[in-house]
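Values reported hereafter were calculated over all heavy atoms of this structure, with side chains retained and with hydrogens, waters and symmetry mates removed. Ligands are counted one by one from 1 in listed order, and the atoms in each one are counted from 1 as well. Because the structure is predicted, anything quoted here is derived from the model rather than measured. In this chain, residues are counted from 1 in sequence order.
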Amino acid sequence: MTDNNRLRIAVQKSGRLCEGSMELLKAIGVKLSIRDRLLIAHSTNLPIDLLRVRDDDIPGLVMDGVVDLGFIGENELEEKMLERRAADKQHQYDVLERLDFGGCRLSIAVPNEMPYQGIASLAGTKIATTYPYLLERYFREQKIDAKAVMLNGSVEVAPRAGLADAICDLVSTGATLEANGLEEKEVIFRSKAVLIQRRGELPQTKQQLIDKLLTRINGVMQAKE
Ligand code: ATP
Ligand code: ZN
């Protein structure tokens, strides 16, 4: 049985959000005994359990109320929200804080040799992406008739492999794009990590703990400014 009195926070187990999330938890005084490979880490000084999962699972865990808080990139959060809304599943959450790590942008990039005169050039194309809901929303807003092709990995090689005409992927420096002969053309979403809370009333002690953590997060963020 899970202990419902302890605050449950979902964090990425390993990857680009992991270090920032763990550093922030440490900075606000959450002490942990993490043994690698364990799904759950218990705090040794506060009634908090960390659930260490793939980032893709975090929005759903919060929206289904399985965990109380989660650290997640806005790109993944918004994509999963759109996906769940389309499927008539719970898709509500509250953003407690926009954080200062995990910055990246979701961009459309086209092969160097593709003639490009603006987004109208994308009409009739297939674009490979891991974020079909965000991309299709962009197509609708821009009134472009193009197709999102879902790929969970190797998005950047899709044009060369003949699977798509262009791609829509996360970019931070652009080095991966360049290495694959692609040129960034349109930024469709700018993202940072956020701390989110599940909807619905929490037991008072849990909410008080969240408020305390949030005050400390604000303090840590202000000290960095
Ligand atoms: P997981 O195994 O947890 O599913 P992943 O491969 O999906 O990991 P990461 O590459 O670790 O995920 O990226 C997690 C998040 O980090 C992204 O969704 C995004 O919010 C953020 N991020 C920041 N910079 C980048 C970048 N250059 N490329 C990809 N993601 C980035
Ligand atoms: Zn992921």
Considering all heavy atoms, the nearest Ser154-Leu151 contact: O-CD1, 4.2 Å

Heavy-atom pair of closest approach, residues Glu156 and Ile167: CA-CD1, 4.0 Å

Gln90, CD atom: more than 12 neighbouring heavy atoms under 6.0 Å: no

Closest heavy-atom pair and its distance - Ile210, Leu96: CG2-CD1, 3.8 Å

Atom NZ of Lys185 with >12 non-hydrogen neighbours under 6.0 angstrom: yes

Under 2.8 Å from the Zn ion (ligand 2) - protein N/O/S, by chain and number: Asp55 OD1, Asp56 OD1

Ligand 1 versus Asn75: contacting region, heavy-atom distance under 4.0 Å: side chain

Using distance only, find each side-chain donor-acceptor pair of residues 189-200 under 3.5 Å and give its atom names and separation, not counting sequence neighbours.
{"unit_1": "Ser191", "atom_1": "OG", "unit_2": "Glu74", "atom_2": "N", "d": "3.2"}
{"unit_1": "Ser191", "atom_1": "OG", "unit_2": "Asn75", "atom_2": "N", "d": "3.1"}
{"unit_1": "Ser191", "atom_1": "OG", "unit_2": "Asn75", "atom_2": "OD1", "d": "3.0"}
{"unit_1": "Gln197", "atom_1": "NE2", "unit_2": "Gln207", "atom_2": "OE1", "d": "3.0"}
{"unit_1": "Arg198", "atom_1": "NE", "unit_2": "Asp68", "atom_2": "OD1", "d": "3.0"}
{"unit_1": "Arg198", "atom_1": "NH2", "unit_2": "Asp68", "atom_2": "OD1", "d": "3.3"}
{"unit_1": "Arg199", "atom_1": "NE", "unit_2": "Asp94", "atom_2": "OD1", "d": "3.1"}
{"unit_1": "Arg199", "atom_1": "NE", "unit_2": "Asp94", "atom_2": "OD2", "d": "3.1"}
{"unit_1": "Arg199", "atom_1": "NH2", "unit_2": "Asp94", "atom_2": "OD1", "d": "3.1"}

Gap separating the CZ atom of Arg140 from the CZ atom of Arg137, nearest 0.5 angstrom: 8.0 Å

Residue and atom name of the nearest protein heavy atom (relative to atom 25 (C) of ligand 1), distance in Å to one decimal: Arg16 CD, 3.3 Å

Contacting atoms of ligand 1, where contact means under 4.0 angstrom from a heavy atom of Gly73: 20 (O)

Listing, residues 16-34 side-chain donor-acceptor contacts under 3.5 Å, not counting sequence neighbours, or none:
{"unit_1": "Ser21", "atom_1": "OG", "unit_2": "Leu17", "atom_2": "O", "d": "2.5"}

Pairwise distance CG(Leu50) to NE2(His42) - rounded to 0.5 angstrom: 10.0 Å

Closest protein heavy atom to atom 14 (C) of ligand 1, given as residue, atom name and distance to 0.1 Å: Asp55 OD2, 3.4 Å

Non-hydrogen protein atom less than 4.0 angstrom from atom 4 (O) of ligand 1: yes

Numbered atoms and elements of ligand 1 in range of Gly102, under 4.0 angstrom, heavy atoms: 21 (C), 23 (C)

Minimum non-hydrogen distance to atom 8 (O) of ligand 1, winning option of Glu74, Gln12, Glu76: Gln12

Those atoms of ligand 1 less than 4.0 Å from some heavy atom in Gly15: 11 (O)

Check against salt bridge (Lys or Arg N to Asp or Glu O under 4.0 Å), Asp165 and Lys126: CA-CA 5 Å; Asp165 302 293; Lys126 288 195 193 81; 5.6 Å; no

Test item, Cys18 contacting ligand 1 (heavy atom, 4.0 angstrom): no

Sub-4.0 Å atoms of ligand 1 with respect to non-hydrogen atoms of Leu17: 15 (C), 16 (O)

Check: Tyr116/Glu186 side-chain N/O donor and acceptor closer than 3.5 Å: yes

Lys/Arg N to Asp/Glu carboxylate O, Lys80 vs Glu76, below 4.0 Å: yes

Those atoms of ligand 1 less than 4.0 Å from some heavy atom in Leu170: 17 (C), 18 (O), 19 (C), 28 (N), 29 (C), 30 (N)

Proximal atoms of ligand 1 relative to Asp56 (non-hydrogen, under 4.0 Å): 4 (O), 7 (O)

Nearest neighbour of atom 22 (N) of ligand 1 from the list Cys104, Ser191, Ser172, Gly174, on a heavy-atom basis: Cys104

With Ser107 via side-chain hydrogen bond (donor to acceptor under 3.5 Å, both in side chains) - residues at least two apart: Glu184

Atom 2 (O) of ligand 1 [closest protein heavy-atom partner, distance rounded to 0.1 Å]: Arg54 NE, 3.4 Å

Where ligand 1 meets Gly103 - atom numbers and elements under 4.0 angstrom, heavy-atom basis: 23 (C), 24 (N)

